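Please read the structure below before turning to the comments.
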Amino acid sequence: MSLDSYVTLGRSGLRVSPFTLGTMTFGEDLGWGSSPQESANILAAYLDRGGNSIDTANIYTNGHSEKIIGDYFAGRSALRDRVVIGTKFFGNLYENDPNGGGPGRKSIVQQLENSLRRLQTDYVDIYWLHNFDPSTPVEETLRALDDLISDGKVRYVGFSDVPAWAAAEAATIARFRGWAPIIALQLEYSLLERTSEGELIPMAQALGMGVMPWGPLKSGFLSGKYSSTTTGPVDTTRTQLVGAPSEADYVVIDALDAVAREVGASPAAVALAWVQGRPGITSTLVGARRIDQFEANLQALDMTLTEAQRGVLDDVFHSHAELPGPQQQDVGANDPVRRSHRGRAPVDGVPATAGQQRPLLTRAAGSGPRGRPGTVRPPDSERTQRMPLPRQVRHQEMLDGS
């Protein structure tokens with residue numbers, strides 16, 4: 001397999017590489033990540049290998065990730081239409097602006113215009129809802145996205161970190177109304193996080209959505225840096241944000257290391273190959289802070305795990321799909337990720353000055369680490385208001401042409 005072994009993303013005509021370049025690490029604005037030059041080197045290496053799918057978000061390094069990508073393609077205008085650029089909306093970068101983020105129409109339009117400005121393009125290929133908001137009518141979000149497609153500013157729609165029931169509801173409404181379909185899901189998935197196997201991945205398969213897993217190395221826990229036999233400091237700049245592996249995690253990590261030694265590859269490459277080979281997976285999000293890390297990760301493209309090796313990795317972690325995973329639990333006000341986006345962090349890669357609006361990453365109640373949502377069901381009263389219309393009403397509306 002290679003980066004130009006393109007695959008169709010969900011029930012669409014869009015073709016992407018089996019590994020999508022994740023750019024959450026582009027920019028050093030939050031105290032960790034890649035410099036603009038190193039980010040450009042990683043992007044160039046990905047494209048040189050035939051990769052065509054790039055993923056970012058408005059909140060990644062407070063817009064600097066999008067700007068780095070935009071600067072790269074600004075000098076290579078002929079290359080822009082040859083790649084698939086996806087970005088996400090929801091995160092609020094502007095303190096005291098209640099409409100600066102979220103999935104409402106006003107917020108969506110404003111966030112897209114800002115992303116297009118930073119990316120220096122007049123359209124994005126995939127526009128992803130980055131979080132779940134039970135208070136905004138899903139019809140408002142879907143109709144706004146459909147209008148943006150009609151305007152030529154968006155090509156396709158995706159959902160990221162949305163509960164299975166809510167994604168299924170939205171997909172059903174979009175199909176019934178004739179609005180732009182949800183062609184793909186982004187969700188956390190790795191050897192250490194398999195909650196999505198319970199509902200999200202089967203739902204995506206049933207409804208024709210592609211699946212793009214994020215966090216396949218579980219914040220570096222599966223990168224080879226960690227082992228139950230390792231002593232001393234670990235080469236990472238994000239320990240404060242992500243913590244360290246638990247005792248249960250080390251059971252999986254040690255099994256991964258054993259398979260990696262047998263294969264003769266890095267644990268990171270084995271972990272990535274395992275994810276990409278799982279049922280329902282379309283394209284795995286792969287990121288890195290340094291070019292050498294990125295090139296090492298691409299070794300997974302040349303790897304084929306035997307059934308026995310896959311069996312070892314499958315069995316070492318018993319998924320509890322009915323239980324909330326770590327990314328589905330409430331984090332609370334002391335979450336370092338939330339605090340890292342406050343105060344003096346720069347926006348668009350430009351340091352804030354006195355009197356300038358301060359960026360703020362807001363998160364709804366029930367959201368999880370890394371700005372990700374929890375799969376907390378809203379109260380029945382809220383959910384009832386957003387349920388699809390009864391069959392009789394839907395049938396009558398179809399007859400009326402509405």
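Just so you know, these numbers use all the heavy atoms, side chains as well, and skip hydrogens, waters and symmetry mates. Just so we're clear, the structure is a prediction, and the values are computed from it rather than from any experiment.
For Y156, the side chain to side chain donor-acceptor pair (under 3.5 Å) criterion is met by no residue, not counting sequence neighbours. Applying the ring-ring contact (aromatic ring centres under 6.0 Å, His included) rule to F159 yields no partners; only residues at least two apart in sequence or on another chain are considered. Applying the ring-ring contact (aromatic ring centres under 6.0 Å, His included) criterion to F19, with sequence neighbours excluded, gives no partner residue. Residues forming a side chain to side chain donor-acceptor pair (under 3.5 Å) with E28 (at least two apart in sequence, or on another chain): none. Partners of Y46 according to the ring-ring contact (aromatic ring centres under 6.0 Å, His included) rule, which considers only residues two or more places apart in sequence or in another chain, do not exist here. Among residues two or more places apart in sequence or in another chain, the ring-ring contact (aromatic ring centres under 6.0 Å, His included) test is passed with W128 by none. For the side chain to side chain donor-acceptor pair (under 3.5 Å) test, residues two or more places apart in sequence or in another chain that qualify with D147 are R105, R143. Evaluation of the side chain to side chain donor-acceptor pair (under 3.5 Å) rule for D146 yields no partner, not counting sequence neighbours. With sequence neighbours excluded, the residues satisfying salt bridge (Lys or Arg N to Asp or Glu O under 4.0 Å) with D292 are R290. Take E140 and apply the salt bridge (Lys or Arg N to Asp or Glu O under 4.0 Å) test, not counting sequence neighbours, and it matches no residue.
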Indicate every side-chain donor-acceptor pair of residues 261-271 with a distance under 3.5 Å to a residue at least two apart or in another chain.
| residue | atom | partner | partner atom | Å |
| --- | --- | --- | --- | --- |
| E262 | OE2 | Q309 | NE2 | 3.0 |
| S266 | OG | A269 | N | 3.1 |

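The side-chain hydrogen bond (donor to acceptor under 3.5 Å, both in side chains) contacts involving residues 12-24 comprise S17-N52, T20-S53, T20-S283, T23-T56, T23-S65, where partners must be two or more places apart or lie in separate chains.
Ring-plane geometry between H130 and Y60 is classed as perpendicular, the angle between the planes exceeding 60 degrees on a 0 to 90 degree scale with a lower cut at 30.
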